[in-house]
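Just so you know, ligand 1 is whichever comes first in the structure, and atom 1 is the first atom listed for that ligand.
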Amino acid sequence: MKDLFSTALMRLTVVYVTVLIAVCLLFSGFIYTLASNEIDRTSRRQVVGFRNLLGRFIVDEQESEILRNQEADESRARLRAKLTLGNMAVIAAGTVFSYFFARRTLYPIEESVKAQERFTSDASHELRTPLAAMRTEIEVALRDPRLTTQEAKELLESNLEEVATLQLMTDNLLSLARNKELGEQKITELSRVLKSATKNHAPKIKKAGMTFEEKYQSGLKAMINKDALQQAVGILIDNSIKYAGNGAKIEVKLEECDGYGHLTISDNGIGIPDDQLECIFQRFYKVDYSRTSSKQQGHGLGLSIAQQLVVALRGRISARKNHRGGGIEFLIELPLLV
Ligand code: ADP
């Protein structure tokens, strides 16, 4: 990748310098032709002037012509030297500028290629771990001549769990790769979308022994794709279920604020350390809970998918400490229709 970038950088610099040289040569040629004509005209005028002043008998016509040519040649030589020096200075400075210009041009491409490489390597790493676990389990079981049907069943169940994890992860990766491909966008009443999103999660919330509260300002409309908003809200509620745990409370609220629908999803769970709040929307970022007792671990893709969806809906998403009772509060801001 580094070599590829260096080659591209060199090539682009060469292209810029070639264009600069071509422009310099054209410009110099033009200046030289103009100045050369002017030199001829001036020296001819001088000879005519002398001739008129001193009379034909004093000025030898042939000699004055030679003198005139000599002077004109000298002037042209001086002009050529100046133009060459000037061009060399411009091209030298231009080469340095071209190099920095080329770097600037290629910088976003380099960054996006690096991000893609990081993504591929993180994704392979995440996929490799459950695959390796499954392989070891299967190999150990196959080598055991006394494997009972019950043990084989348990192994298959454990593998099925890993397969489910892998499936979820590949679905998430696919969702990220589709990037911003939203379906149809319609004028939608936000509270309706939220009600159906939370309804889908009600059984899971109940099963997790959590309490749930929702409060929506009605009549707030936005031009959105409702599935995308439901998916984003679903990810945040799922996270609350996953990380806040038994006995915690989830709150979903919607209100209007300066032309935006402010949608907050909060819980009073373990929260996220302040120094990691900035990073949680990055792909594959997982909060380091080494300082707490939480054992929950995902793949670090949910919040980046939620952010991608919200941005595609022309909105913003952010996270902050939930000041009412600890935990975390996510805020989604969506532009409303007036
Ligand atoms: P994951 O699949 O790991 O849950 P996410 O992108 O959804 O990935 O979340 C990124 C990180 O943010 C996770 O490692 C998780 O620890 C933390 N996180 C997300 N939501 C919450 C929450 N409601 N409470 C505490 N931590 C959370």
Side-chain angles (χ1 to χ4, degrees), residues 115 118-119 122-130 161-179 194 197-198 200-201 204-205 207-214 228-253 263-312 315-332:
R118 249 192 330 264
F119 179 70
D122 288 343
S124 336
H125 177 77
E126 291 290 332
L127 288 170
R128 219 169 36 197
T129 314
E161 267 175 39
E162 298 287 6
V163 169
T165 314
L166 283 172
Q167 200 170 8
L168 177 73
M169 197 189 158
T170 44
D171 285 350
N172 283 343
L173 286 173
L174 213 63
S175 177
L176 274 172
R178 282 204 189 113
N179 198 10
L194 296 175
T198 52
N200 293 341
H201 286 77
K204 275 199 254 177
I205 296 173
K207 198 173 161 204
M210 301 174 83
T211 48
F212 180 69
E213 195 182 305
E214 52 188 339
L229 182 60
Q230 271 189 4
Q231 195 188 342
V233 172
I235 289 170
L236 299 178
I237 296 179
D238 267 340
N239 275 353
S240 287
I241 298 172
K242 210 157 54 168
Y243 298 106
N246 208 328
K249 179 179 179 187
I250 304 178
E251 282 181 312
V252 183
K253 286 185 181 158
L263 164 61
T264 52
I265 292 129
S266 57
D267 64 57
N268 56 353
I270 49 170
I272 294 172
D274 285 347
D275 58 338
Q276 296 185 52
L277 274 178
E278 289 248 311
C279 320
I280 53 172
F281 294 100
Q282 289 168 15
R283 288 170 185 183
F284 296 105
Y285 190 86
K286 290 176 226 163
V287 171
D288 176 13
Y289 284 119
S290 52
R291 281 169 285 168
T292 72
S293 58
S294 178
K295 294 272 180 297
Q296 285 292 355
Q297 274 299 335
H299 295 111
L301 289 174
L303 289 180
S304 44
I305 295 174
Q307 185 185 47
Q308 190 171 293
L309 290 164
V310 171
V311 170
R316 286 189 295 253
I317 184 168
S318 55
R320 62 182 174 207
K321 216 181 198 78
N322 180 7
H323 291 293
R324 292 161 290 116
I328 185 91
E329 179 173 279
F330 287 94
L331 169 67
I332 295 178

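Only the backbone of Leu301 comes within contact range of ligand 1, with a heavy atom under 4.0 Å; no side-chain atom does. With a 4.0 Å cut-off on non-hydrogen atoms, Lys286 touches ligand 1 through its backbone as well as its side chain.
Near Leu303, the atoms of ligand 1 lying under 4.0 angstrom from a non-hydrogen atom of the residue are 5 (P), 6 (O), 7 (O), 9 (O), 10 (C), 12 (O), 19 (C). Using a 4.0 Å cut-off to heavy atoms of Ile280, the atoms of ligand 1 that qualify are 12 (O). Short contacts between ligand 1 and Ile328, defined as distances under 4.0 Å to a heavy atom of the residue, involve ligand atoms 22 (C), 23 (N), 24 (N). Of all the atoms in ligand 1, the ones that sit under 4.0 Å from a non-hydrogen atom of Lys242 are 1 (P), 2 (O), 4 (O).
Thr264 places none of its side-chain heavy atoms less than 4.5 Å from the side chain of Phe330. The shortest distance between side-chain heavy atoms of Ile328 and Asn239 does not fall below 4.5 Å. Considering only heavy atoms from C-beta on, Thr165 comes within 4.5 Å of His299 through its side chain.
Panel note: side chain Thr170, backbone Leu166; a donor-acceptor pair is recorded below 3.5 Å.
Within a 6.0 Å sphere centred on CD of Glu278, heavy atoms belonging to other residues, nucleotides or ligands number 12 at most.
In terms of N/O distances under 3.5 Å, ligand 1 is not approached by Ala244. Note: an N/O pair closer than 3.5 Å links Val287 and ligand 1 by distance alone. Any N or O atom pair closer than 3.5 Å counts here, and Ser304 shares no such pair with ligand 1. Residue-to-ligand polar distances place Gly300 within reach of ligand 1: an N/O pair is separated by less than 3.5 Å.
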### Task
With side chain to side chain contact (heavy atoms under 4.5 Å, CB included) as the test, would you mind laying out the steps for Val233 and His201 before giving the verdict?
CA-CA 10 Å; Val233 172; His201 286 77; over 6 Å; no
### Query
After noting the C-alpha distance and the side-chain angles of Tyr243 and Val287, does the key distance pass the side chain to side chain contact (heavy atoms under 4.5 Å, CB included) rule?
CA-CA 11 Å; Tyr243 298 106; Val287 171; over 6 Å; no
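Between Gly269 and ligand 1 there is no heavy-atom distance shorter than 4.0 Å.
Which of Phe330, Tyr285, Phe284 comes nearest to atom 10 (C) of ligand 1 through a heavy atom is settled by distance: it is Tyr285.
For Asn200, there are no side chain to side chain donor-acceptor pair (under 3.5 Å) partners at least two apart in sequence or on another chain.
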